[in-house]
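The structure under discussion appears below in the form of structure tokens.
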Amino acid sequence: MKYHSFILKKIEKNWLNLIPFVLVTAFIIFIYVNYRISAFTDINDPEYSGINEIERIKKDIPTFQDEIAKFDETSEDYKISKENLNMAENRLKYLQQKVDAVTNNNWTEYYKNNLELTNITMAVVLEDIEYYDEDMVEVLKLDQNYAKYMIENKLSFDDRFKPSQGISYTVKIMNDIFPFILSILLIYIMSSVYCSTIIENMDIQKLIPISKFKKQGIRLLTGAFIGGFITIFIVIVSSLCGALGNVLGSLQTPVLTYSQQGVETYTSLSSVLPQFLILLLLSIFFIVNFVSVISILARKNMKCLLISLVIIIGCILITSEIVPIRPILHILPTTYINAFKVVTGELCYITNNSYINILYGILSLTISNIILFILYYYLPKLSRGVATR
């Protein structure tokens, strides 16, 4: 039996490896169910959907008409009442068309009318800008850009914050929790791969007639295969949730991208996917190499698992939380385990560190992988040399 087949068989036979996958599946489904209920409840809710506002506007229009009749056409009061009437009539028209679009599942018309309503709100805000903060304007701009993107690409209904389409929900998972899921599952499995063969401080895999360099290379590639399997598994589960609950979606799914200045725009998933996959592969190599080095020091499976988890997960968590280290975050390889946030520019924007990008990610992860690979190869020799002195 080939060495890589031996490793994979060993992983397959350990039924305990199934438990974290079952828990992750249940967690992803639970999140999706909540997102879908919330999104579709909102769109059918009388207040959120605009049905209640339609009734209020219908009552307001006669009031505006009566006011206009009282004022002279050249007066300021007449002008204000006339503008209020025009705005009310326009909002009524677009709200009715929006509600009809939901009823008919005509999502292009839905977003067209949603865009017109946002434009009306934006005009009001800009007219009295001193009463609103900049965040309000930025939120409205994002709403406009999102609606325009959905119209141009003729995409089905989705919620910007609680996605229910298969691909968009997968993007949400990749952005928010995938770095943690990948790290935990990969460390869990690879700790077993590296430590389960150590019996009474002796690694019985040394008996296999293959050079240590080749063994480590095979283990690294096997780890990459497992990391790829974890990624595909998460993508399939997330996409199936959306496909069953709404629609599958496409690679034209909108992704919010950032610049260091905070300029935000929507682009297609397909435009950031290649960069994401490059960082993902290098991140998987890094996690496997890191576990391999810790396994030499820890020797026992549980100890290796806990140390690796604390360091890797801890470093991921501090990426955006500890302000003093933000200027050096681009050096840390763990920064780029948040691969999706790196390629969209979100981490660059949050940390105000322009060096957090795909190029620095490739450089940092590649150097780290080489160093860890060499450490794994030579650390036992160094340890034996120190012990014999």
Side-chain angles (χ1 to χ4, degrees), residues 4-5 7-9 11-40 153 155-190 192-193 221-256 268-285 287-288 313 316 337-344:
H4 69 273
S5 299
I7 296 173
L8 291 174
K9 281 287 184 183
I11 295 170
E12 183 185 341
K13 288 181 179 179
N14 185 358
W15 65 271
L16 290 174
N17 288 331
L18 291 175
I19 295 175
F21 283 91
V22 172
L23 293 175
V24 166
T25 301
F27 184 58
I28 290 173
I29 293 172
F30 174 78
I31 295 175
Y32 179 79
V33 170
N34 279 277
Y35 276 2
R36 191 192 182 283
I37 291 173
S38 179
F40 280 87
N153 292 278
L155 298 178
S156 182
F157 169 73
D158 210 359
D159 190 289
R160 188 153 67 90
F161 303 104
K162 296 160 288 190
S164 59
Q165 291 188 20
I167 303 300
S168 62
Y169 179 60
T170 302
V171 169
K172 181 72 172 174
I173 292 294
M174 291 293 168
N175 189 71
D176 291 353
I177 62 173
F178 177 72
F180 300 101
I181 294 175
L182 174 67
S183 299
I184 291 169
L185 292 182
L186 193 53
I187 289 171
Y188 178 80
I189 294 172
M190 295 311 297
S192 174
V193 168
L221 292 176
T222 304
F225 174 80
I226 294 167
F229 173 80
I230 292 170
T231 303
I232 293 170
F233 175 79
I234 300 301
V235 169
I236 289 174
V237 172
S238 304
S239 298
L240 273 177
C241 285
L244 295 173
N246 187 359
V247 295
L248 178 60
S250 71
L251 292 179
Q252 290 301 112
T253 291
V255 174
L256 186 59
S268 66
L269 172 61
S270 59
S271 65
V272 300
L273 193 57
Q275 296 176 352
F276 168 73
L277 292 175
I278 292 170
L279 285 184
L280 173 62
L281 180 60
L282 290 173
S283 296
I284 290 171
F285 281 145
I287 294 171
V288 175
I313 300 300
I316 294 174
I337 297 177
N338 282 296
F340 208 83
K341 289 184 178 180
V342 172
V343 299
T344 60

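Values in this document were obtained by computation on a predicted structure and should not be read as measured data.
Shown here are the side chain to side chain contact (heavy atoms under 4.5 Å, CB included) partners of Leu23, two or more places apart in sequence or in another chain: Ile19. Annotation: side chain to side chain contact (heavy atoms under 4.5 Å, CB included) contacts of Leu240 (sequence neighbours excluded): Ile236. Under the side chain to side chain contact (heavy atoms under 4.5 Å, CB included) criterion, Phe225 pairs with Leu8, not counting sequence neighbours. Annotation: side chain to side chain contact (heavy atoms under 4.5 Å, CB included) contacts of Phe229 (sequence neighbours excluded): Phe21.
Separating the OG1 atom in Thr222 from the CE atom in Met190 is a distance of 7.0 Å, to the nearest 0.5 Å. A distance of 6.5 Å separates OG of Ser238 from CE of Met174, quoted to the nearest 0.5 Å. Interatomic distance, Ile181 CD1 to Leu186 CG, rounded to the nearest 0.5 Å: 13.0 Å. For the atom pair CG of Leu273 and OG of Ser268, the computed distance is 9.5 Å after rounding to the nearest 0.5 Å. The distance from atom OH of Tyr169 to atom NZ of Lys162, rounded to the nearest 0.5 Å, is 14.0 Å. Separation of atoms OG (Ser239) and CD1 (Ile234) is listed at 11.0 Å; rounding is to 0.5 Å.
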Mind listing the side-chain donor-acceptor pairs of residues 242-254 below 3.5 Å, one per line with the distance, residues two or more places apart or on another chain?
from: Asn246; atom 1: ND2; to: Phe157; atom 2: O; distance (Å): 3.2
from: Asn246; atom 1: ND2; to: Ser164; atom 2: OG; distance (Å): 2.9
from: Ser250; atom 1: OG; to: Gln252; atom 2: N; distance (Å): 3.1
from: Gln252; atom 1: NE2; to: Asn153; atom 2: OD1; distance (Å): 3.0
from: Thr253; atom 1: OG1; to: Ser250; atom 2: O; distance (Å): 2.7

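Inter-residue side-chain proximity for Leu182 and Leu280 is flagged as met; some heavy-atom pair is nearer than 4.5 Å. Thr231 has its side chain within reach of Phe178: a pair of non-hydrogen atoms, C-beta onward, lies under 4.5 Å apart. You'll find the side chain of Val255 reaches within 4.5 Å of the side chain of Phe340, heavy atoms only. Phe276 places none of its side-chain heavy atoms less than 4.5 Å from the side chain of Thr344.
Figure legend: cation-pi geometry between Arg36 and Phe40, with NZ or CZ positioned under 6.0 Å from the six-membered ring centre and within 45° of its axis.
Lys341 and Asn175 make their closest contact through CE-O, 3.2 Å (heavy atoms, listed as atom of the first residue, atom of the second, distance). Counting all heavy atoms, side chain and backbone alike, Gly228 lies closest to Ile284 at N-CD1, 4.0 Å. Nearest approach of Phe233 to Thr25, heavy atoms of both residues: CZ-OG1, 3.0 Å. Contact record, Ile28 with Cys241: CG2-SG, 4.4 Å, taken as the closest heavy-atom pair. The two atoms that bring Leu185 and Pro20 nearest to each other are CD2-CB, 3.2 Å, heavy atoms only.
Listed by first and then second residue, the salt bridge (charged side-chain N to carboxylate O under 4.0 Å, His left out) pairs involving residues 169-188 are Lys172-Asp176 (not counting sequence neighbours).
A distance-only check finds no donor-acceptor pair linking the side chain of Ser38 to the backbone of Asn34 [under 3.5 Å]. In this structure, Ser183 contributes its side chain and Phe180 its backbone to no donor-acceptor pair below 3.5 Å.
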